[in-house]
Amino acid sequence: MLDWEELEGYANRCARCALCRTRNHVVFGVGNREADIIFIGEGPGEQEDLTGEPFVGPAGKLLDDMLSIIDLNRTNVYIANIVKCRPPHNRDPKPEEQEACIGFLRNQVALVKPQIIVCLGRIAAQRIIDPEFRITREHGEWRLRNGTWMTAIYHPSALLRDVTKRPDTFTDLLSIREKLQEVHAKI
Ligand code: URA
């Protein structure tokens with residue numbers, strides 16, 4: 001396992017997949033490196049690629065609003081993506097791109113040691129929780145794996161496209177707040 005400085009340096013120089021050829025910035029991750037909770041998205045979009053920071057475009061603004069509903073913000077959570085470089089035209093990251101990149105995320109999670117992992121959308125949920133994960137059926141459900149609680153909620157981009165999903169996400173957010181209170185009570 002690498003420390004933060006080594007890991008970020010290595011990511012910034014990474015050429016393990018073709019996405020390195022079209023990126024402007026590696027989007028490593030942001031937030032509190034000692035957070036109890038980590039949110040995992042899919043991959044950088046255009047704004048993220050231009051700035052080097054995850055979730056700064058329209059979906060990111062919504063994510064900030066979602067976090068604030070449950071008293072969270074970028075100082076008390078950590079935020080990262082499955083792939084660190086933007087897939088062209090915001091297509092889904094290919095399995096080989098995810099495979100090339102997932103080691104960075106594993107190392108990040110090992111360093112943060114969160115009690116709770118929240119996957120944002122299907123791609124992250126299928127990569128982290130279960131390859132067969134069905135986001136419409138299983139969002140908001142909790143699983144305990146190796147002492148870490150895991151769940152998935154709709155991706156903020158999906159909530160921008162389809163507002164009818166928002167009430168379910170509100171419920172899921174309240175459940176995340178409850179889980180945080182539960183793990184805090186155990187410490
Ligand atoms: N969507 C993601 O999944 N991640 C980002 O960083 C931005 C948009």
Side-chain angles (χ1 to χ4, degrees), residues 4 7-8 11-12 14 17-20 22-33 35 37-69 72-109 112 114 116-131 133-136 138-140 150-163 165-166 168-169 172-173 176:
W4 282 110
L7 188 67
E8 193 161 4
N12 283 333
C14 182
C17 81
L19 297 181
C20 71
T22 45
R23 73 175 175 228
N24 287 298
H25 286 98
V26 171
V27 180
F28 181 69
V30 75
N32 189 329
R33 294 177 169 184
I37 182 163
I38 178 163
F39 288 80
I40 300 176
E42 175 179 324
E46 186 181 21
Q47 291 305 312
E48 291 77 18
D49 175 60
L50 291 172
T51 58
E53 190 168 329
F55 286 100
V56 289
K61 297 220 168 21
L62 182 56
L63 178 61
D64 285 337
D65 291 346
M66 290 159 65
L67 294 177
S68 76
I69 288 171
L72 297 176
N73 58 60
R74 289 176 191 233
T75 69
N76 52 22
V77 308
Y78 193 76
I79 302 173
N81 281 305
I82 298 286
V83 297
K84 310 295 192 229
C85 298
R86 183 188 181 204
H89 313 295
N90 297 347
R91 63 160 169 73
D92 289 352
K94 296 177 183 169
E96 63 267 28
E97 293 160 353
Q98 296 186 33
E99 204 49 47
C101 210
I102 197 73
F104 290 115
L105 183 64
R106 285 212 184 93
N107 202 142
Q108 286 170 302
V109 171
V112 175
I116 298 174
I117 294 177
V118 179
C119 297
L120 297 169
R122 173 182 63 88
I123 297 279
Q126 290 187 342
R127 185 72 223 189
I128 306 286
I129 300 177
D130 176 357
F133 197 92
R134 292 282 167 268
I135 191 80
T136 42
E138 296 173 88
H139 68 83
M150 298 187 179
T151 192
I153 63 176
Y154 285 117
H155 193 286
S157 300
L159 299 172
L160 287 173
R161 282 193 303 270
D162 180 1
V163 293
K165 291 185 163 75
R166 292 190 184 196
D168 276 359
T169 302
D172 295 346
L173 288 169
I176 291 168

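The residues of the chain are indexed from 1 along the displayed sequence. Note: hydrogens, waters and symmetry copies are ignored here, and every other heavy atom, side chains too, is used. Each ligand, and each atom within it, is numbered from 1 in the order the structure gives.
Ring geometry, W4 versus Y78: the interplanar angle falls from 30° to 60°, so the pair is classed tilted.
Taking a cut-off of under 4.0 Å to the non-hydrogen atoms of G41, the atoms of ligand 1 that pass are 3 (O). Atoms of ligand 1 found under 4.0 Å from any heavy atom of P54, numbered from 1 in the order shown, are 6 (O).
Residue contacts with ligand 1 leave out A59, since none of its heavy atoms falls under 4.0 Å from the ligand. Heavy-atom separations between E53 and ligand 1 are all 4.0 Å or longer.
Among all non-hydrogen protein atoms, the one lying nearest atom 4 (N) of ligand 1 is N81 OD1, 2.8 Å.
Using a 4.0 Å cut-off between charged side-chain N and carboxylate O, E99 and R127 make a salt bridge. Ion pairing between a basic and an acidic side chain is recognised when a charged N comes within 4.0 Å of a carboxylate O; R23 and D49 show no such pairing. For the pair R33 and E8, the salt-bridge criterion is met [side-chain N within less than 4.0 Å of a carboxylate O].
Taking any N or O of G43, backbone or side chain, at least one lies under 3.5 Å from an N or O belonging to ligand 1. Residue S157 has no N or O atom closer than 3.5 Å to an N or O atom of ligand 1. Backbone and side-chain nitrogen or oxygen atoms of H155 are examined, and one is located within less than 3.5 angstrom of a nitrogen or oxygen of ligand 1.
Contacts between E42 and ligand 1 below 4.0 angstrom, taking non-hydrogen atoms only, involve backbone and side chain alike.
Of all heavy-atom pairs spanning E53 and E48, the tightest one is O-CG, 3.1 Å.
For the residue pair K61/Q47, the side-chain donor-acceptor check at 3.5 Å is not satisfied.
Atom CD1 of I123 sits about 11.5 Å away from atom CD1 of I128, to the nearest 0.5 Å.
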